[in-house]
Amino acid sequence: MAARAYWSGQIRLALVSIPVEIFSATQSGAKIRFNQIHRPSGKRIAYEKVVPGIGPVDRDDIIKGYEISKGSYVLLEEREIEAVRIESKRTLELVQFVDTGEIDPLYFEKPYYVAPKDQLAEEAFVVLRDAMRKAGKVGLGQLSVRGSEKLVALKPCGKGLLLETLRYADEVRQGRAFFEDIDDIKPDTELLDLATTLIDKRTAPFDAGEFEDRYVEALRTMIEKKAKSKSGKAIIDDAEAPAGTGGNVIDLMAALKKSVGGEKGGSKDAKKPPAKKKPSASTRKSA
């Protein structure tokens, strides 16, 4: 089944308009979601809207409110909220370009693929893509979608374009407050060299397929065991104790030297990251 477009409209650069479609670049992974169950009956728990001291309320009696002080709210009707929604103009105007890599990763939110809407749009689309690639620039604009306005960045991605929604400045915390207690010290040269050597030995091209969510895999295995078990007892496997626990002072120099000595091969030999993908429970069962 063809993917459904998240947004359809046009990219505008000055007097040039390019019809495009935007598709989500991510999908829900193999996440395990739980329901809350009433233990005695085994039935799923439902939720009611309740008011303290009053009890359950009808859906028609619920409106939205913004808290301006403790327990004091400005009440808003749905039609009032709808009245201030940003009209979707179906146009993404590129108002500024910045160097690739200039935007702090903290601002990036969610990626989308951008493709020309039809063959007539391909020529202008390719020109914009290749011009940004040649200049090493990322385009910025604001996209109106579903009643709100999103700040977005646009850059080349293979034969197409990648659009990433960005957080606004007031949505990002500055890190200075979290790092101000770190002392301004200069690391020992030998320690720094050992740490750099260890990093070099573990350097390899990024491949997301080499990593897996081990927690999800462990949960899936446990669920399969529990589904086959007739006892209903808890199934708990002993977890491996984390390394470095306890009150002993770590000899950093010795630890780094041991780590570097234990690494086999150099950066040229490092073809895979240290975390390797294990076969899932279903794969092991069918093997």
Check against side chain to side chain contact (heavy atoms under 4.5 Å, CB included), Leu13 and Leu128:
CA-CA 9 Å; Leu13 177 60; Leu128 175 63; 3.9 Å; yes

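- If you take CD on Glu78 and CG on Leu76, they are separated by 9.5 Å, rounding to the nearest 0.5 Å.
- Using a 4.5 Å heavy-atom cutoff, the side chains of Lys257 and Val260 are not in contact.
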With a cut-off of 3.5 Å and sequence neighbours excluded, list every side-chain donor-acceptor pair involving residues 155-179.
unit_1, atom_1, unit_2, atom_2, d
Lys155, NZ, Glu164, OE1, 3.3
Thr165, OG1, Glu109, OE1, 3.4
Thr165, OG1, Lys110, N, 3.1
Thr165, OG1, Lys110, O, 3.4
Arg167, NH1, Leu106, O, 2.8
Arg167, NH1, Phe108, O, 2.6
Tyr168, OH, Gln142, NE2, 3.2
Tyr168, OH, Glu149, O, 2.9
Tyr168, OH, Leu151, N, 3.3
Glu171, OE1, Tyr168, N, 2.7

Apply the test salt bridge (charged side-chain N to carboxylate O under 4.0 Å, His left out) to residues Glu217 and Arg214: give CA-CA distance (whole Å), side-chain angles for both, the deciding distance (0.1 Å), then the verdict.
CA-CA 5 Å; Glu217 290 301 315; Arg214 291 174 293 181; over 6 Å; no

Under 3.5 Å, which donor-acceptor pairs link side chains of residues 111-119 to any protein atom two or more places apart or in another chain?
unit_1, atom_1, unit_2, atom_2, d
Lys117, NZ, Ser8, OG, 3.2
Asp118, OD1, Leu120, N, 3.2
Asp118, OD1, Ala121, N, 3.1

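- One distance of note links CG of Leu143 with NZ of Lys150; it measures 8.5 Å at 0.5 Å rounding.
- Side-chain atoms of Glu210 never come within 3.5 Å of backbone atoms of Asp207 as a donor-acceptor pair (strictly under, hydrogens ignored).
- Judged purely by atom type and a 3.5 angstrom limit, Thr203 uses its side chain to pair as donor or acceptor with the backbone of Ile199.
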Check: residues 185-192 side-chain donor-acceptor pairs under 3.5 Å, at least two apart:
unit_1, atom_1, unit_2, atom_2, d
Asp188, OD2, Glu190, N, 3.0
Asp188, OD2, Leu191, N, 3.1

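- Note that CD of Glu102 and OG1 of Thr100 are 9.5 Å apart. Values are rounded to the nearest 0.5 Å.
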Could you walk me through whether Phe125 and Val20 pass the side chain to side chain contact (heavy atoms under 4.5 Å, CB included) test, one step at a time?
CA-CA 8 Å; Phe125 181 90; Val20 297; 4.1 Å; yes

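- Looking at Thr196 and Asp200, their side chains come closer than 4.5 Å, going by heavy atoms from C-beta outward.
- No donor-acceptor pair under 3.5 Å is formed between the side chain of Thr91 and the backbone N or O of Glu93.
- Put simply, CZ on Arg90 and OG on Ser144 are 9.5 Å apart, with the number rounded to the nearest 0.5 Å.
- By the salt bridge (Lys or Arg N to Asp or Glu O under 4.0 Å) test, Asp130 is found to be paired with Arg133, residues two or more places apart in sequence or in another chain being considered.
- To the nearest 0.5 Å, atom CG of residue Leu15 and atom OG of residue Ser17 are 8.0 Å apart.
- Here Lys137 pairs with Asp99 under the side chain to side chain donor-acceptor pair (under 3.5 Å) rule; sequence neighbours left out.
- Rounding to the nearest 0.5 angstrom, the gap separating the CG atom in Leu154 from the CG atom in Leu140 is 9.5 Å.
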Evaluate side chain to side chain contact (heavy atoms under 4.5 Å, CB included) for Gln10 paired with Leu92, printing each intermediate quantity in order.
CA-CA 6 Å; Gln10 57 186 0; Leu92 168 59; over 6 Å; no

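- No continuous path of ILVMFWY side-chain contacts below 4.5 Å connects Val127 to Met132, so the two sit in separate hydrophobic clusters.
- Nearest heavy atom pair, residue Ile223 against residue Phe34, reads CD1-CE2, 4.5 Å.
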Identify every side-chain donor-acceptor pair in residues 46-75 under 3.5 Å, counting partners at least two apart or on other chains, and give the distances.
unit_1, atom_1, unit_2, atom_2, d
Tyr47, OH, Gln36, OE1, 2.3
Glu67, OE2, Gly71, N, 3.0

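- Remark: Tyr215 OH is loosely packed, at most 12 non-hydrogen atoms of other residues, nucleotides or ligands lying under 6.0 Å away.
- Nearest heavy atoms, Ala153 versus Val138: CB-CG1, 3.7 Å.
- Neither Val95 nor Trp7 shares a network with the other; the hydrophobic side chains, linked directly or stepwise wherever heavy atoms of I, L, V, M, F, W or Y lie under 4.5 Å apart, form separate groups for each.
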